[in-house]
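Letters go in sequence order (proteins before strands), and every chain restarts at 1.
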Amino acid sequence: MDWNVISKSIPLYWDAMLLTLKIGWIGVALATLIGLVSAVIIHFRIPVLSVIFKIYIEIFRNTPLLIQLFFLYFALPKIGIKISAEVCGWLGLGLLGGSYMSEAFRSGIEAIDIVQRESALSLGMTDFQVMIHIVLPQALSYSTPAFVANIIFLLKETSVFSAISLMDLMFRAKDLIGLYYNTAEYLALLVVFYLIILLPVSVLGTVLERRLRYASFGT
Amino acid sequence: MQALGLDVLFKGSNLLRLLGGLGKALEISLIAVALSLILGVLFGVLMTFRNPVIRALSRIYLEIVRIMPQMVLLFLVFFGTTRVFGWDLNAEAASVIVFAFWGTAEMGDLVRGAIISVPKHQYESAFALGMTKSQTYFTIIIPQAIRQLIPLSINLITRMIKTTSLVMMIGVVEVLKVSQQIIEANRMTSPNAAFGIYLTVFVLYFIACWPFSILAKHLERKWSN
């Protein structure tokens, strides 16, 4: 290990990590939004929309992110839709994640006892109120393990962004290895920086799961 | 057709080359899947033991696999081992190692989950009926655990197939690499080839994974009580 090399390249990795974090978390936020909306729409069996969302989920769950990104970034410009690499990154991540999040939230919603819904309805709440005040809060606590697992999965998936020439951690590592051949140092830094991104999420997720388990009742 | 660049597919043996590339990716994933299923079952059974050393080691292994992106693992094995140990692994061997390493951990976790999900009273009732330990396991516990395990492991297989698309990044000539070659070769004659080719690859991957997903969903629904 050459510590000089390491200390010199830390700032480069830091910038790359910020980009990875930025795109990663925008993607996660988009995925959560898409997931929630589509889970609710599919749950209520809203005509047309629920079919569209079901098709979307099947397509994005069964294709790799790398291919989705290639399609967004290299293929769409040919039919006149130009999207910048960064937007492609979080859009792709959000679309992929949305399909996974939707499944996670839906299983949470389905886990809520029908009694809860019926009691709320008999108290005169509307369908929408029941969803917002009764079903979703409980469903979210049920879906937490899957939700956290999906966040980790999505943040890990950011490593393919280098394929569409985003200067993320992977890109930086590959670039530096090619330039200076200090493979061991650059790979070690790569591992350390991914740990910085993912370890807090993993630890927080475990804590959150333990806390929220108390929230689920009625079983 | 021309404008969408689909015509390139039917030039020469382009479609066959694409399918060959997909074959390469599937080959790597199938070898890795086979290894992971076998090693994963062993690892899963190992994880149910109460030995603290085994527990700690398997916990560390699981956490590493869960936190490190597969791409980083690929780089570590492909570039790292050459540098540190002087091994000359080819890219395909490196990818099989990485995906089997990853798949074993995931499979092991599924197996562990399936085993401990069988309620304790099932064991106790079987023993109370005078069954021996091996009878209990083979006729009572394992059939129930397998019902839970199979849909989940089919899902894992589709995930592994999808993840093998990464091997292109360490230079395996699979479907994406072939696509790039075809697109480059036809740059002048059909500038829109990128659309047609990448659309085809998208559809090919979907066709490779979708049947598995449907099967998993079907089995899950059929066996859930």
Which bit of Leu176(B) comes within less than 4.5 Å of chain A, counting heavy atoms only: side chain, backbone, both or neither?
side chain
Contact check, side chains of Thr158(B) and Trp210(B), non-hydrogen atoms, under 4.5 Å:
no
Select one option (side chain, backbone, both, neither) describing which atoms of Thr63(A) are under 4.5 Å from chain B's heavy atoms.
both
Region of Leu204(B) in contact with chain A, defined by heavy-atom distances below 4.5 Å
neither
Identify whether NZ of Lys or CZ of Arg in Arg61(A) sits under 6.0 Å from the centre of the six-membered ring of Tyr100(A) and within 45° of that ring's axis.
yes
Could you tell me how the ring of Tyr198(B) sits relative to the ring of Phe70(A): parallel (under 30°), tilted (30 to 60°) or perpendicular (over 60°)?
perpendicular
Within the side chain of Tyr56(A), is there an N or O that forms a donor-acceptor pair under 3.5 Å with the backbone of Ser99(A)?
yes
Please state whether the rings of Phe193(A) and Tyr13(A) are parallel, tilted or perpendicular, taking 30° and 60° as the class boundaries.
parallel
Name the region of Leu195(A), side chain, backbone, both or neither, that has any atom closer than 4.5 Å to a heavy atom of chain B.
both
Under a 4.5 Å heavy-atom cut-off, does chain B meet the side chain of Leu65(A), its backbone, both or neither?
neither
Residue part contacting chain B, namely of Glu103(A), when any heavy atom lies under 4.5 Å
side chain
Would a 4.5 Å heavy-atom cut-off, applied to side chains only, mark Lys177(B) and Val172(B) as touching?
no
Could you tell me which of Leu190(A), Val160(A), Ile152(A), Val191(A) has the largest number of non-hydrogen atom pairs under 4.5 Å with chain B?
Val191(A)
Whatever's closer than 4.5 Å to a heavy atom in chain B on Ile197(A) counts as neither
